Amino acid sequence: MIIDKSEIIENIQIADGIWQMVFKSSGIADRYLGAGQFVSILVDDNWEHPIRRPMSIADVKDNKVSIIYKVFGSVTQSLTQLKSEDYIDVLGPLGNTFNVDYNLIYPILIGGGIGLSPILNLSKSLAQKGIGVTTIIGAKTSNEHFLQHNPNNNMFLCTDDGTVGINGTVIEALNIVLKDIKNPKIFACGPEPMLFSIQKMLDKKSIPGQFSVESCMACGMGICQGCAIPNNNNGYHLVCKAGPVFETNEVRFD
Amino acid sequence: MIIDKSEIIENIQIADGIWQMVFKSSGIADRYLGAGQFVSILVDDNWEHPIRRPMSIADVKDNKVSIIYKVFGSVTQSLTQLKSEDYIDVLGPLGNTFNVDYNLIYPILIGGGIGLSPILNLSKSLAQKGIGVTTIIGAKTSNEHFLQHNPNNNMFLCTDDGTVGINGTVIEALNIVLKDIKNPKIFACGPEPMLFSIQKMLDKKSIPGQFSVESCMACGMGICQGCAIPNNNNGYHLVCKAGPVFETNEVRFD
Amino acid sequence: MRLDLTDLTCKIGSVKFKNPVFTASGTFSYGNDLPEFVDISMLGAIITKSITYELRVGNPPPRIVETPSGMLNSIGLANIGVNNFIKDIIPLYKNIDTKIIVNIAGSTNDEYIKVLKDIESVSSDIVGYEINISCPNVEHGGMELGVDAKLSNKLITELRKQTEKLLIVKLTPNVTDISKIAEAVEEAGADAISAINTVIGMGIDIVKRKPTIYKTYAGLSGPAIKPIALAMVHKISKTVSIPIIGIGGIVNGENVVEFLLAGASAIQIGTANFRNPNVGEIIVDELNQYLKENEILHYSELIGKLNLYE
Amino acid sequence: MRLDLTDLTCKIGSVKFKNPVFTASGTFSYGNDLPEFVDISMLGAIITKSITYELRVGNPPPRIVETPSGMLNSIGLANIGVNNFIKDIIPLYKNIDTKIIVNIAGSTNDEYIKVLKDIESVSSDIVGYEINISCPNVEHGGMELGVDAKLSNKLITELRKQTEKLLIVKLTPNVTDISKIAEAVEEAGADAISAINTVIGMGIDIVKRKPTIYKTYAGLSGPAIKPIALAMVHKISKTVSIPIIGIGGIVNGENVVEFLLAGASAIQIGTANFRNPNVGEIIVDELNQYLKENEILHYSELIGKLNLYE
Ligand SMILES: Cc1cc2nc3c(=O)[nH]c(=O)nc-3n(C[C@H](O)[C@H](O)[C@H](O)COP(=O)(O)OP(=O)(O)OC[C@H]3O[C@@H](n4cnc5c(N)ncnc54)[C@H](O)[C@@H]3O)c2cc1C
Ligand SMILES: Cc1cc2nc3c(=O)[nH]c(=O)nc-3n(C[C@H](O)[C@H](O)[C@H](O)COP(=O)(O)OP(=O)(O)OC[C@H]3O[C@@H](n4cnc5c(N)ncnc54)[C@H](O)[C@@H]3O)c2cc1C
Ligand SMILES: Cc1cc2nc3c(=O)[nH]c(=O)nc-3n(C[C@H](O)[C@H](O)[C@H](O)COP(=O)(O)O)c2cc1C
Ligand SMILES: Cc1cc2nc3c(=O)[nH]c(=O)nc-3n(C[C@H](O)[C@H](O)[C@H](O)COP(=O)(O)O)c2cc1C
Ligand code: FES
Ligand code: FES
């Protein structure tokens, strides 16, 4: 883990309100362990926003690190103002990685909303190893999608309003996909309600899975104890340190 | 007085740490009354700095308004980042003007530090009316000057370190200049210690004058009562409303 | 579906206001002398700067300074005094299309009573009083009256006898338990509570090695104190049943909704006026917009509608 | 002229520290498990997170949220408990090249005493204790002990009997008059005072219509509270003669100078660690730089050297 003033190589809008930023950081690239890990960024020296913003790593190529972000509030808004050759203050890599025991299972990857970033990363890295996967990406509407719905290639998009891909949530898509698959294991990242629904479904069908979860973070490195998420033992995990990836039965959303 | 989102036409460094910004605002230009008035600017929507920053008007030409500013702290620092075609939120024009009864007196203009902005403005507007004036501009060192020392043209620069013009403060320059002048009246703007010294000198020699003074302002329009400066009646003037220009004997610096 | 009609009318005691967006004392003069671009008829009410018995010239400068997301001020209750207020300002209120509430301050109980009585004695369009109990009180060793429940109760009991108009008490946040003070002034007959006044703070100029404000200690306001104000409004709302007017760091319509949810029935805008004195009108618009988007007919449906976790 | 040698050595009670830059409780774990780029040997001291008798899992999420120039937290004193602390953490301090101060919290006087006694009973490299009296106390109806001068005095008197090590008391700012509490703990034998702990605040999520923090009320920290902290440190310094450790919104070397001028003998960095846990080292550098540029040999020449206007 380091703090790096990283030069921005690219910062472009790729879908409605969704941006991709690529920055140079050999320090972070060298320490990177795999999909699931994240960085935490500081847009400027402004203390109106004292806290860094965590962003999943979407890709690492040589010394280039990518993130994909959605414009939510003021910090992600000012992030869009940065241009190539500007510098950004990045802490990372943080957290753990998905752990795909691919000999034993068939990976189904599910990304919803801004949760697609680690999922795309995982999908790409498994593809590079020649491992077959099925990927489901959910969004509210087609404008938020920047990928192609391609069932033949095991890439399923779905939208709440049916404007592209399957009409419905990722749960509906998952139900369709599951029909043809033996020994599935789910790898998912997305909003809490989505993960909660998936968790209930997997539980019922006794399908294993891993979630990359979110939580409000102040430090991202285990020193503030802010990022707690309930475990199944009347206690809490620290998402930034024990996570963000957990086995689906290790976390509680209720 | 209006609040205007004004388009920036130019924003350039003109001397060491000194910048000039020109922006378009017919609203402010139309309401502008003369040298001495100021605007109050907001660099962005950031609430880390809740308060606008007052800046003297250095020039108004058609619908173009200029300010000259020195980089002090974070707000003036971020001001330098703005480029032409960016927008800036400006409140103005604010305050009163110098009042040069030029039939009766010979105007000597003195600007020190960031106080040179209204003085250059006054000098220019008197020159346009064909009125002869002598101007003295002080700075710590030559790097902060962007004008030419030109005694033949009644333009005197002075520096604390003697690197350009007269070696010494504006008081020394004033003493030299005063020798040849009948019915002088002083028009000055600059740091408080400078104005205080000039005030004591004028008082001793019974020379009249007007000062444009500074004070910490929250509103710039008479509603916060923050910008008080002692009057000579055990009370206070509001600099933003009764000023910033006062007769030299109307204000107290002790 | 989006509502076309929303209702911002607001009632405090028996007084009706156009909307719950008021301007805070000391940040909007006496409601006069504002820039021409400010349309005060858009505001629910204007609270005047604090009026004392004698005129006060205020404190020596520096009186104000910026802090992170806030500002410190120590104006020293500079105001024209009750006589000039009655003579020069009250007549202007005939032509003003919003409600006026007079904020009163004093160094002794007697001073508060005299100011209020003098204003009561003339016919006027004023709808009520806001009592600023955060002033140093000479009868109690310079201590702020507003930190003591008994003293606050006593003052408000006396003032209540003098007027049938709206009597609002503005509380100081610089106390261990603001609920106690709130209870005491409710018991004394206050119609409503304003909260909060500024938080005691200090700034230091390391170059001059002096405080940034002449009087050393000063009042902190602005977005920095919004979390403090929300906590206090919420606590007070759990204690008293009279309406609360929320104050502290409000700069936009969303902030208003926060205060309503915390339990405020109306709000006041302070520091934000200095940036744009027309912010009140903008906030009224934003609030209307919010109600429409969330299909809320009357803004009061939001008051206190917070779902606690536990 | 510029000084080449400056002196940051700091003494509180009989303990010498490398410099007056400490890290605040709850913002630097137990001084272990920090990122490898953090050089803790640059720090004057580390204050551990609050240790209680039993381990505590802490509060349900959300526990933290950002506010303008600040943050709210309600971690709920999550910590491993004194036994695990003694077993797993204290042995690590042998190899740590900075001083360690253990912060202690409890729900009853007895709990504080038990924790302190247990740590005293093992030989260790700990130089002292910081007593967090801002916790809800079950013996006093859930009220924070630290808002009551008598109760604070009683607790510190008892703890003083148990140790000769540095005994520092960390005060809560949520009181009417912090000087009273400061006097009471000085009288009880405290070696120093830390001020301030977080200010009570609240945030509201208008979409969820819920508090932004599970426990409704939470602690405000960061630059937003710096003016409040400076005022309190200054007030305390006018009242007691034991050293004060200033805390609240410090993010750089200039902020440290402000606290020194206000009367602090050392400072702690809290929230700023979350942005960069190495900020302590940077601040030590900045402080050194400041001393050089201002030709100050020993930093203590700045302590309390504020020129008031009146
Ligand atoms: C481990 C981790 C990985 C993340 N990866 C990504 C990523 O790859 N891409 C991405 O766009 N975002 C990601 N996020 C979320 C991201 O950190 C927030 O969207 C960001 O903090 C918003 O900052 P802001 O200042 O723009 O919005 P704020 O002003 O802070 O918040 C604005 C709105 O955004 C919502 N929001 C704030 N924080 C979160 C959050 N953690 N999750 C969801 N909504 C939030 C708030 O509820 C609020 O309504 C991740 C979060 C975590 C914890
Ligand atoms: C009527 C009026 C007219 C002004 N005209 C000009 C102008 O034409 N050009 C210009 O450059 N500045 C002018 N100023 C001063 C200008 O407003 C300040 O320099 C500016 O607010 C600094 O903002 P900042 O955020 O960069 O610095 P801050 O972070 O606010 O302050 C940084 C440093 O600047 C100093 N400083 C802050 N305010 C002032 C001030 N009012 N005067 C002097 N020093 C200050 C502080 O003491 C501090 O050390 C004027 C001020 C007034 C009241
Ligand atoms: C410059 C200034 C002057 C103020 N004067 C008064 C006053 O005279 N009487 C009063 O009751 N409150 C006064 N206040 C307090 C405000 O009315 C308000 O309670 C406080 O500023 C918090 O709100 P804000 O954060 O929106 O500014 C003043 C505040 C400021 C900033
Ligand atoms: C996340 C967090 C956890 C904290 N935990 C503790 C704690 O366990 N014990 C304690 O005495 N203070 C605790 N504090 C208070 C800090 O030590 C410090 O007093 C406060 O944050 C003000 O300093 P700052 O503005 O520099 O953060 C905590 C603060 C934060 C932000
Ligand atoms: S974010 Fe601080 S401990 Fe996880
Ligand atoms: S700056 Fe507000 S009254 Fe002058």
Side-chain angles (χ1 to χ4, degrees), chain B residues 1-5 27-28 31 40-54 72-75 89-94 192-193 213-243 251-254, chain C residues 23-24 26-38 46 49-50 55-80 203 205 212-214 218 221-224 226 249 251-252 255 270-279 282:
Chain B
M1 178 192 326
I2 60 161
I3 292 183
D4 207 6
K5 294 264 175 196
I28 291 173
R31 290 168 174 80
S40 201
I41 58 167
L42 204 58
V43 177
D44 55 30
D45 289 343
N46 187 334
W47 278 92
E48 187 184 11
H49 297 286
I51 291 178
R52 289 175 181 272
R53 297 298 195 266
F72 265 113
S74 25
V75 172
D89 182 320
V90 194
L91 167 74
L94 303 168
E192 212 175 282
V213 302
E214 280 191 11
S215 105
C216 266
M217 293 186 175
C219 73
M221 50 197 160
I223 63 175
C224 76
Q225 310 266 320
C227 59
I229 176 169
N231 65 19
N232 46 25
N233 198 19
N234 293 319
Y236 302 97
H237 297 295
L238 293 186
V239 172
C240 73
K241 209 147 182 188
V251 289
R252 274 180 34 226
F253 299 109
D254 47 2
Chain C
T23 53
T27 68
F28 217 64
S29 68
Y30 308 103
N32 64 331
D33 247 358
L34 291 156
E36 56 279 15
F37 63 83
V38 177
I46 292 171
K49 68 171 69 167
S50 285
L55 78 76
R56 298 200 187 181
V57 297
N59 293 333
R63 291 179 174 182
I64 52 162
V65 71
E66 200 182 71
T67 68
S69 297
M71 63 177 278
L72 288 167
N73 89 79
S74 176
I75 306 295
L77 294 178
N79 81 98
I80 57 178
D205 182 327
T212 50
I213 300 283
Y214 185 92
S221 64
K226 182 162 66 79
V251 305
N252 59 35
N255 296 163
T271 302
N273 286 309
F274 300 151
R275 194 143 147 167
N276 182 355
N278 212 22
V279 69
I282 297 170

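Since the model is a prediction, treat every value here as computed from it, not as a measurement.
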First locate atom CD1 of C:Ile64, then atom SG of B:Cys219, and finally report the distance between them rounded to the nearest 0.5 Å. 7.5 Å
Output all residues satisfying side chain to side chain contact (heavy atoms under 4.5 Å, CB included) with C:Pro62, sequence neighbours left out; order by chain, then residue number. C:Tyr214, D:Tyr309
Part of B:Ile3 lying under 4.5 Å from any heavy atom of chain C: both
Could you report the tightest heavy-atom contact between B:Met1 and C:Phe37, atom names first, then the distance? O-CD2, 3.2 Å
Who wins among C:Val38, C:Asn59, C:Leu34 for the most heavy-atom pairs under 4.5 Å with chain B? C:Asn59
Separation of C:Ile213 CD1 from B:Cys216 SG (nearest 0.5 Å): 7.5 Å
Distance-minimising heavy-atom pair for C:Arg63 and B:Gly226: CB-O, 3.6 Å
Under a 4.5 Å heavy-atom cut-off, does chain C meet the side chain of B:Arg252, its backbone, both or neither? neither
Non-hydrogen atoms of chain B under 4.5 Å away: do they reach the side chain of C:Ala224, the backbone, both or neither? neither
Where do B:Arg31 and C:Glu36 land on the side-chain contact (heavy atoms from CB on, under 4.5 Å) test, with the steps shown first? CA-CA 12 Å; B:Arg31 290 168 174 80; C:Glu36 56 279 15; 4.2 Å; yes
Over all heavy atoms of both residues, which pair between C:Ser69 and B:Pro50 is shortest? Give the atoms and the distance, please. C-CG, 3.6 Å
Only distances under 3.5 Å count here; give the side-chain donor-acceptor pairs of residues 233-243 of chain B to other protein atoms, sequence neighbours excluded, each with its distance to 0.1 Å.
| residue | atom | partner | partner atom | Å |
| --- | --- | --- | --- | --- |
| B:His237 | NE2 | B:Glu250 | O | 2.9 |
| B:Lys241 | NZ | C:Asp33 | OD2 | 3.4 |

Tell me which of these, C:Ala78, C:Ser29, C:Pro61, has more heavy-atom pairs under 4.5 Å with chain B than the rest. C:Pro61
Answer with side chain, backbone, both or neither: which region of B:Ile51 has an atom nearer than 4.5 Å to a non-hydrogen atom of chain C? both
Is B:Arg52 salt-bridged to C:Glu66, cutoff N-O under 4.0 Å? no
Segment of C:Asn278 engaging chain B (4.5 angstrom heavy-atom cut-off): neither
Rounded to the nearest 0.5 Å, what's the gap from CE on B:Met217 to CZ on C:Phe274? Could you check? 13.5 Å
Shortest non-hydrogen separation from C:Pro223 to B:Trp47 and the atoms involved: CG-CE3, 3.8 Å
Using non-hydrogen atoms only, which part of C:Ser74 is less than 4.5 Å away from chain B: side chain, backbone, both, or neither? neither
Max heavy-atom pairs within cutoff under 4.5 Å with chain C, candidates B:Leu91, B:Asp89, B:Ile2, B:Ile223, goes to B:Ile223
d(B:Cys224 SG, C:Met71 CE) to nearest 0.5 Å is 6.0 Å
